[in-house]
Amino acid sequence: MTERLTPGDPAPEFTLPTDAGDTLSLKDLRGRRVILYVYPAAMTPGCTKQACDFRDSLGSLQAAGYEVVGISPDTPAKLAKFRERDAITFPLVSDQDKSVLTAYGAFGEKQLYGKTVTGVIRSTFVIDPDGAIERALYNVKATGHVAKLRRDLGID
């Protein structure tokens, strides 16, 4: 079983390619609070719903001091299509070898339609300005998760 992160753990560092053709490093976001959310596959119904919920909440999340970054094993080209198709307004990063997902405990065994499979575990991490895990939420639902996160963070 993949090791899961808990509050107080250092957030695993990463430098990954983005949907825009750049790279993004967690250290570039130091000094800000970061919501790093993990989703299995761009342009699927659940992942689209979740991304659009984050997009629609981005203004209030940023006003509360949070930056949002989405991460999946999709290629940067697929992420660019996803951004363009759904007007995603925050960075999407590509972890094709799943090493960062594994470091965050967001890749491994999970239940899918009653069967145990290995794959991406839909998760959300809130990272404090010093780079420590503030919240580690695993097996979140695509629908309604952003609203619950906003409530839990005191944004609503």
Side-chain angles (χ1 to χ4, degrees), residues 2 5 11-30 32-115 117-127 133-153 155-156:
T2 304
L5 298 173
E13 290 292 339
F14 62 81
T15 299
L16 293 170
T18 71
D19 57 306
D22 307 321
T23 58
L24 178 73
S25 297
L26 183 59
K27 68 178 185 264
D28 295 339
L29 300 171
R30 199 67 84 238
R32 292 178 268 179
R33 296 173 89 191
V34 177
I35 296 171
L36 178 68
Y37 85 95
V38 176
Y39 60 99
M43 297 193 280
T44 57
C47 296
T48 298
K49 173 70 174 134
Q50 188 178 24
C52 291
D53 283 351
F54 272 113
R55 176 199 66 205
D56 295 345
S57 293
L58 190 61
S60 61
L61 290 168
Q62 287 179 330
Y66 294 93
E67 296 297 327
V68 175
V69 177
I71 180 173
S72 76
D74 295 305
T75 65
K78 185 174 181 186
L79 295 176
K81 287 180 189 169
F82 187 36
R83 173 182 32 86
E84 192 171 308
R85 186 192 80 174
D86 293 296
I88 307 300
T89 52
F90 51 84
L92 300 173
V93 296
S94 170
D95 182 26
Q96 288 181 268
D97 70 3
K98 303 171 191 78
S99 60
V100 175
L101 296 173
T102 301
Y104 275 83
F107 184 82
E109 283 189 359
K110 65 179 185 174
Q111 293 296 310
L112 186 66
Y113 305 114
K115 294 182 180 178
V117 298
T118 300
V120 175
I121 300 164
R122 190 183 302 276
S123 309
T124 299
F125 304 93
V126 179
I127 303 167
I133 297 293
E134 208 171 276
R135 295 172 191 255
L137 309 166
Y138 293 94
N139 296 308
V140 301
K141 301 289 181 212
T143 302
H145 172 62
V146 175
K148 181 182 182 328
L149 182 65
R150 288 166 51 96
R151 285 191 304 275
D152 291 351
L153 295 174
I155 295 172
D156 282 341

Nearest heavy-atom neighbours spanning [X] and [Y]:
X	Y	value
Tyr104	Pro12	OH-O, 2.7 Å
Lys49	Ala142	CG-O, 4.4 Å
Ile121	Lys110	CG1-CB, 4.1 Å
Gln50	Val146	O-CG2, 4.1 Å
Pro17	Pro76	CB-CG, 3.9 Å
Phe82	Ala51	CZ-CB, 3.6 Å

Any donor-acceptor pair under 3.5 Å linking the side chain of [X] with the backbone of [Y]?
X	Y	value
Thr18	Ala20	yes
Tyr39	Gly46	no
Arg55	Asp86	yes
Thr75	Lys78	yes
Arg135	Asp152	yes

Which distance, rounded to the nearest 0.5 Å, do you find between the [atom1] of [X] and the [atom2] of [Y]?
X	Y	atom1	atom2	result
Asn139	Thr124	CG	OG1	11.0 Å
Thr102	Asp97	OG1	CG	8.0 Å
Thr48	Asp53	OG1	CG	11.0 Å
Leu92	Leu24	CG	CG	10.5 Å
Ile71	Leu36	CD1	CG	5.5 Å
Asp19	Asp74	CG	CG	11.0 Å

Taking the side chain as every heavy atom from C-beta outward, state whether [X] and [Y] have any pair of such atoms under 4.5 Å apart.
X	Y	answer
Val38	Phe125	yes
Val126	Ile133	no
Leu29	Val69	yes
His145	Leu137	yes
Glu13	Ser25	no

Atom NZ of Lys98: over 12 foreign heavy atoms under 6.0 Å: yes

Ring geometry between Tyr37 and Phe90 (parallel below 30°, tilted from 30 to 60°, perpendicular above 60°): perpendicular

Verdict with reasoning, Leu61 to Ile155, per side-chain contact (heavy atoms from CB on, under 4.5 Å): CA-CA 7 Å; Leu61 290 168; Ile155 295 172; 3.4 Å; yes

Intermediate values then yes/no, side-chain contact (heavy atoms from CB on, under 4.5 Å), Leu79 and Ser72: CA-CA 9 Å; Leu79 295 176; Ser72 76; 3.6 Å; yes

Residues Arg33, Glu67; criterion side-chain contact (heavy atoms from CB on, under 4.5 Å); working and verdict: CA-CA 6 Å; Arg33 296 173 89 191; Glu67 296 297 327; over 6 Å; no

Residues Thr118, Phe107; criterion side-chain contact (heavy atoms from CB on, under 4.5 Å); working and verdict: CA-CA 7 Å; Thr118 300; Phe107 184 82; 3.8 Å; yes

